[in-house]
Amino acid sequence: MTEEAWHALRMPIGRFDRLALIDETPSTQGEARMRAQGRPGLIVIGKRQTAGRGRQGRTWDDGQGASLSMSMCVESALPVAGLSLAVGFGVLEACESLGARDLGLKWPNDVVQRGTGMRKLAGVLIEGALPLAIVGVGLNVCRPPEGWSIAGDRPAASLEELGVTIGRPATAAAVLQAVSRWLEASEEAIARKWREVGVLRGEYCEFRVGSKLVGGTVVDIDSQWRLVLETREGNRLRVDSSHAHLEEHRAVQG
């Protein structure tokens with residue numbers, strides 16, 4: 001890794017006015033929770049993160065310093081599922097502004113490269129009690145020399161592989177600006193954006209909900225940020241991100 005210009009990352013950026021830059025931390029989420037003092041606007045960035053976590057017990061570690069590991073203290077009226085989408089759109093648009101192409105959002109919180117495998121570029125984790133939430137973002141900036149340390153069964157992509165080579169400090173600034181804009185977005189704008197970039201729309205998906213497996217073609221998202229599935233029998237089902245795990249998805253054959 002080349003020397004990074006972290007000194008150029010100056011607050012305020014968008015809605016964020018405080019920065020804690022840490023050489024190494026087990027988890028930026030834990031650091032943010034300790035340092036927030038009940039106030040929004042804090043950003044915690046770990047140059048290396050050794051015990052990061054994602055949704056549903058998954059890990060997002062970056063001991064090699066190849067990813068942007070960042071947590072934001074955010075005040076929002078959105079429910080967790082809507083906030084996850086809004087932040088995801090901010091990350092996606094930041095990556096596009098830097099030159100990445102063919103990106104989409106895999107409900108509820110993954111920024112992916114479209115196409116075979118839907119390689120994961122970034123993920124979002126929401127913790128804490130609203131209206132003040134701790135929002136974690138993990139974004140692959142370059143491919144680590146020793147290989148990926150995030151959930152090895154899922155294919156990954158990096159900004160570097162997509163032609164973006166500006167480094168983590170400038171990437172962080174772009175993400176904070178774009179996320180700040182999306183935190184001001186209306187629920188209608190968030191729903192419209194999902195219909196534009198949601199990669200599961202039109203796909204047949206099966207979700208594990210408790211002990212049950214439910215499936216159908218993803219046709220929409222409802223006012224509570226649940227996916228709306230249409231079964232082969234023509235019935236409509238709704239899937240909540242807090243209770244569902246995606247087991248399988250595939251394109252619907254015409």
Side-chain angles (χ1 to χ4, degrees), residues 29 52-60 74 76-92 103-130 133-139 150-157 182 185 187-253:
Q29 289 290 93
R53 57 190 179 274
R55 289 183 68 248
Q56 300 178 332
R58 299 188 182 103
T59 60
W60 188 296
V74 169
S76 175
L78 288 168
V80 169
L83 179 59
S84 182
L85 288 174
V87 174
F89 296 149
V91 175
L92 185 152
L103 303 182
L105 193 90
K106 184 178 177 184
W107 181 89
N109 68 335
D110 288 346
V111 178
V112 300
Q113 181 187 27
R114 293 179 182 271
T116 304
M118 291 190 190
R119 295 196 301 159
K120 181 171 178 174
L121 180 63
V124 176
L125 174 67
I126 311 289
E127 294 181 317
L130 298 175
I134 309 297
V135 181
V137 171
L139 170 57
I150 61 168
D153 61 332
R154 292 176 296 156
W182 274 99
E187 295 190 5
E188 292 79 6
I190 295 169
R192 280 198 307 273
K193 186 66 175 179
W194 178 84
R195 295 181 183 113
E196 176 188 336
V197 302
V199 295
L200 295 183
R201 191 179 186 200
E203 299 249 318
Y204 180 85
C205 296
E206 290 184 347
F207 291 89
R208 177 73 56 184
V209 182
S211 60
K212 294 177 59 179
L213 193 65
V214 299
T217 301
V218 177
V219 294
D220 206 350
I221 193 166
D222 72 8
S223 61
Q224 297 178 52
W225 313 109
R226 299 174 299 183
L227 281 190
V228 181
L229 311 181
E230 186 172 283
T231 69
R232 293 188 176 97
E233 296 75 29
N235 299 319
R236 293 278 174 113
L237 304 175
R238 284 163 173 77
V239 177
D240 189 315
S241 62
S242 63
H243 302 116
H245 173 72
L246 179 62
E247 296 280 327
E248 180 187 4
H249 62 89
R250 58 182 182 271
V252 176
Q253 300 300 314

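We're numbering straight along the sequence, starting at 1.
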- Roughly how far, to the nearest 0.5 Å, is the CG atom of Leu121 from the CG atom of Leu105? 11.0 Å

- Item | Pairwise distance CH2(Trp194) to CG(Asp220) - rounded to 0.5 angstrom | 6.0 Å

- Message: Using a 3.5 Å distance criterion without hydrogens, assess whether the side chain of Glu127 forms a donor-acceptor pair with backbone atoms of Ile134.
- Response: no

- State the NZ-CE distance between Lys106 and Met118, to the nearest 0.5 angstrom. 6.5 Å

- Task: Given side-chain contact (heavy atoms from CB on, under 4.5 Å), test Leu78 with Ile190 step by step and report yes or no.
- Result: CA-CA 11 Å; Leu78 288 168; Ile190 295 169; 3.7 Å; yes

- Message: Is there a salt bridge (Lys or Arg N to Asp or Glu O under 4.0 Å) between Lys120 and Asp110? Walk through the geometry before answering.
- Response: CA-CA 7 Å; Lys120 181 171 178 174; Asp110 288 346; 3.2 Å; yes

- Query: Sub-3.5 Å donor-acceptor pair from the side chain of Arg114 to the main-chain atoms of Leu103, do we have one?
  - Reply: yes

- Item | Between OG on residue Ser241 and CD1 on residue Ile126, distance to nearest 0.5 Å | 10.0 Å

- Query: Is there a side-chain contact (heavy atoms from CB on, under 4.5 Å) between Arg238 and Leu227 once you walk through the steps?
  - Reply: CA-CA 5 Å; Arg238 284 163 173 77; Leu227 281 190; over 6 Å; no

- Message: Using side-chain contact (heavy atoms from CB on, under 4.5 Å), reason through Val74 and Leu83 one step at a time and then give a plain yes or no.
- Response: CA-CA 10 Å; Val74 169; Leu83 179 59; 4.3 Å; yes

- Asp222 (side chain) donor-acceptor with Gln224 (main chain) under 3.5 angstrom: yes

- Between the CZ atom in Phe207 and the NZ atom in Lys212, the distance rounded to the nearest 0.5 Å is 14.5 Å

- Item | From CA spacing to verdict: side-chain contact (heavy atoms from CB on, under 4.5 Å), Tyr204, Leu229 | CA-CA 8 Å; Tyr204 180 85; Leu229 311 181; over 6 Å; no

- Task: Give a yes or no answer on whether the side chain of Arg201 reaches the backbone of Arg195 with a donor-acceptor pair at less than 3.5 Å.
- Result: yes

